[in-house]
Amino acid sequence: MKPVDSALIRRLGNALGFQLGWWLCVCSVRHDFQAWALLAAGVLCALQWRLSAETGHLLGLIWRVAGGGVAIDSALQALGWIQFEGWALGALAPYWLWAIWLMFALTLNESMAFLSRWPSGAQALAGALAGPMSYGAGVALGAAQWGQPWTWAGYALVWTVWLPLVLKWAQVAPHAESAQ
């Protein structure tokens, strides 16, 4: 019997953990369990951190990706592109989005490492499709509201640039090279 590939198990756990955290955070807004969702997201982040093959580079990557993501979402909310629901610090994006950005950063060198091998044009296309779909799902679940009729297209443009950029940041990290 062939031994189980631990990297594959780790990546699968990373993908499932992110999906679970995303659903908990987004659904918590409408169903009033944000504190529990944030706690669960924190536990998921701690587990992902602990299970990561290499954590030395992760802090910088998390800071750039999560900080940049929160800044982008906060700016787009301030511009009226989208209105997020939930607990927030002033005009910043709500805390549940901070948690999603932290979890997303932890997927870049694990479950989404395969995207780093794609050409930048394919990465941009994946961002243009998947980014707005994620926000659209959040809107459909009551965690946000589109501010403008063209917001979906605006998010497609943002993610066309953002996904290849964060993948490049992740690739610079030592683990990204060994994971491929």
Shared ILVMFWY cluster between [X] and [Y], side chains joined below 4.5 angstrom?
X      : Y      : result
Leu47  : Leu20  : no
Ile72  : Val161 : no
Val43  : Leu102 : no
Leu165 : Leu129 : no
Leu8   : Phe18  : no

For Asp5, I'd like to know if atom CG has over 12 heavy atoms of other residues, nucleotides or ligands within 6.0 Å.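 Yes.
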Other hydrophobic cluster members with Leu12, side-chain heavy atoms of Ile/Leu/Val/Met/Phe/Trp/Tyr under 4.5 Å, chained?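 Its cluster partners, ordered by chain and number, are Leu16.
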Of the non-hydrogen atoms in [X] and [Y], which two are nearest, and what is the gap between them?
X      : Y      : value
Ala124 : Thr160 : CB-O, 3.4 Å
Leu141 : Cys27  : CD1-SG, 4.3 Å
Leu163 : Gly127 : CD2-N, 3.5 Å
Leu106 : Asn14  : O-ND2, 3.0 Å
Trp98  : Leu92  : CZ2-CD1, 3.8 Å
Ala41  : Ala99  : CB-CB, 3.7 Å

Residues Arg10, Glu110; criterion side chain to side chain contact (heavy atoms under 4.5 Å, CB included); working and verdict: CA-CA 8 Å; Arg10 191 179 65 244; Glu110 293 292 343; 2.8 Å; yes
Nearest 0.5 angstrom please: [X] [atom1] to [Y] [atom2], how far?
X      : Y      : atom1 : atom2 : value
Leu79  : Gln77  : CG    : CD    : 10.5 Å
Gln171 : Asn109 : CD    : CG    : 9.0 Å
Leu97  : Ser74  : CG    : OG    : 8.0 Å
Leu39  : Ser28  : CG    : OG    : 12.0 Å
Gln123 : Arg117 : CD    : CZ    : 11.0 Å
Leu167 : Phe114 : CG    : CZ    : 9.0 Å

Would you confirm whether [X], through its side chain, and [Y], through its main-chain N or O, come within 3.5 Å as a donor-acceptor pair?
X      : Y      : value
Trp101 : Gly68  : no
Gln34  : Trp87  : yes
Gln83  : Gly147 : no

Is the distance from the ring center of Trp150 to that of Trp81 below 6.0 Å?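 Yes, the ring of Trp150 comes within the 6.0 Å limit of the ring of Trp81, centre to centre.
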Centres of the Trp152 and Tyr155 rings: under 6.0 Å?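 That pair fails the under 6.0 Å test.
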Can you check side chain to side chain contact (heavy atoms under 4.5 Å, CB included) on Tyr95 and Cys25, steps first, answer last? CA-CA 9 Å; Tyr95 299 126; Cys25 286; over 6 Å; no
A side-chain contact here means heavy atoms from C-beta on lying under 4.5 Å apart; do Trp36 and Leu24 qualify?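 No, side chains not in contact.
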Could you go through Leu76 and Thr151, starting from their C-alpha distance and side-chain angles, then the distance that decides it, and tell me whether this counts as side chain to side chain contact (heavy atoms under 4.5 Å, CB included)? CA-CA 9 Å; Leu76 296 180; Thr151 298; over 6 Å; no
We want to know whether Trp159 and Ser134 form a side-chain donor-acceptor pair, criterion being a heavy-atom distance below 3.5 angstrom.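 Per modelled atom types, Trp159 and Ser134 side chains form no pair under 3.5 Å.
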Among all residues two or more places apart in sequence or in another chain, which pass the side chain to side chain contact (heavy atoms under 4.5 Å, CB included) test with Ala122?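 Only Trp118, Pro119 meet the side chain to side chain contact (heavy atoms under 4.5 Å, CB included) criterion with Ala122.
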Take the angle between the ring planes of Tyr135 and Phe84 and call it parallel below 30°, perpendicular above 60°, tilted in between.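 Correct class here is tilted.
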Begin with the C-alpha distance, continue with both residues' side-chain angles, and end with the deciding distance and a verdict on side chain to side chain contact (heavy atoms under 4.5 Å, CB included) for Phe104 and Met112. CA-CA 9 Å; Phe104 175 74; Met112 292 206 295; 3.0 Å; yes
